[in-house]
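Working notes for the structure below.
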Protein chains: 2
Amino acid sequence: MVVLQKNHDCSAELREVSLKATPIRIGVLSLLEETTSPIDIATILKELKKKKIVADPATVFRIMNSFVEKNLVREIHFREDKTRYELASKDDHHHLLCQECGAIEDISDCHIEGLEKEIITKKHFLIKSHSLEFFGICKNCQK
Amino acid sequence: MVVLQKNHDCSAELREVSLKATPIRIGVLSLLEETTSPIDIATILKELKKKKIVADPATVFRIMNSFVEKNLVREIHFREDKTRYELASKDDHHHLLCQECGAIEDISDCHIEGLEKEIITKKHFLIKSHSLEFFGICKNCQK
DNA sequence: TAATATATGCAAGTAACTTGCATTTATGGT
DNA sequence: ACCATAAATGCAAGTTACTTGCATATATTA
């Protein structure tokens, strides 16, 4: 009898980019799939522990670096001293960061294609990626 | 005879925000006025030394924090582990960061007002500030 | 010019991240 | 199913950016 494995997709996804499908990597990748807002390494370690996956911080740092290199995830830098990560497969979208409660909301369809074209033609700069983040006060915290 | 002091403006600017006009602060502020692209603390320290101003890193960190608090400068976070600073008096503008040579070019007139309005009405998020950075290859490095 | 609030330097501390090396493990070939 | 091997992991030590506490020094104000 064949048992459908949880995270089967993750393993396949990992092998596709020639990374070994280890428990920690599968755990990180499926965690990112479950998570809506970009998370940092400390949070990743905590969430893994909840799933009974214990990992060394250094290992997760290395994993995240390899994921970035393989374009599985992208780095997000808010005005913090730590890096956050989210799945690169998510559409081009950006974030609203509440400076009061720390909530992170997504926004999509940022219409900066016009600006990008302008940059390409005027500055002859080849754009590989961009980051657009908004800082302010969320709906809840305005009350 | 009255000798016109260099950096007289900087001193005034500092007192306006009730910060004492010390040599290091004046040095940092006038350095930022001379500099076109956002700079980090290590660079600030080097440049100050050229001007015969020796300062402790901790002091400059504290100075930068107070400048940010007083809205004299703003923080810029590229995909680095360090913070850069630029004068807040500079117009709303953004940066093109070359991933090859590290050159930083400014762009102005980013037309994201439309997007901002959309965020305010749809998400009821009160925008205080935003950051928009482009990463890619500059004109020179494309050759 | 003296009083005082504030700035600075120094040293120690913290947090995020990296690196070297010995051990373990996933995987491809048999 | 097993073995060989390249790659992944854990641990410890190191690095870098940044912070903090405290004693000393200095800019401002009266």
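Below, chains carry the letters A, B, ... as their sequence lines are ordered, and counting in each starts from 1.
Nucleic acid contact for Ala42(B): none, since no nucleic acid atom lies under 4.0 Å from a heavy atom of the residue. Across all strands shown, Asp40(B) has no heavy atoms under 4.0 Å from either base or sugar-phosphate atoms.
Where Ile41(B) and Ala21(B) each meet DNA chain D at their nearest nucleotide, the meeting point lying more 5' is that of Ile41(B). Annotation: of the two residues near DNA chain C, Pro57(B) and Asp81(A), the 5′-most nearest-nucleotide partner is Pro57(B).
Using modelled atom types, one side-chain atom of Gln142(B) and one backbone atom of His124(A) make a donor-acceptor pair closer than 3.5 Å. The main-chain N or O of Ile39(A) is never found under 3.5 Å from a side-chain atom of Arg84(A) such that the two would form a donor-acceptor pair. For the pair Asp56(B) (side chain) and Ala58(B) (backbone), a donor-acceptor distance under 3.5 Å is present. Between the side chain of Lys139(B) and the backbone N or O of Phe125(A) there is no donor-acceptor pair closer than 3.5 Å.
Computed from coordinates, the Phe78(B) CZ to dA17(D) C1' distance equals 17 Å when rounded to whole Å. If you take CD of Glu75(B) and C1' of dC18(D), they are 11 Å apart, rounded to a whole angstrom. Atoms CZ (Arg15(B)) and C1' (dT26(D)) sit 13 Å apart, rounded to a whole Å. Straight-line distance from the NZ atom of Lys70(B) to the C1' atom of dT6(C): 12 Å, rounded to whole Å. The CG atom of Leu45(B) sits 13 Å away from the P atom of dC10(C) (whole-angstrom rounding). Computed from coordinates, the Ile53(A) CD1 to dG10(D) P distance equals 11 Å when rounded to whole Å. For Leu14(B) and dA7(C), the CG to P distance is 10 Å, given to the nearest whole Å. Atom CG in Asn65(B) sits about 14 Å away from atom C1' in dA7(C), given to the nearest Å.
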Produce a footprint string for nucleotides 3-9 of chain D: one letter per nucleotide, 5' end first; B if the base is under 4.0 Å from any protein heavy atom, S if only the sugar-phosphate is, - if neither. ---BBSB

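In this structure the side chain of Pro57(A) reaches within 4.5 angstrom of the side chain of Leu45(A), judged on heavy atoms.
Phe78(A) pairs by the ring pair (Phe, Tyr, Trp, His ring centres under 6.0 Å) definition with His95(A), not counting sequence neighbours.
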Test Glu86(A) against Arg74(A) for salt bridge (Lys or Arg N to Asp or Glu O under 4.0 Å), laying out the working first. CA-CA 6 Å; Glu86(A) 73 177 4; Arg74(A) 77 172 70 94; 2.7 Å; yes

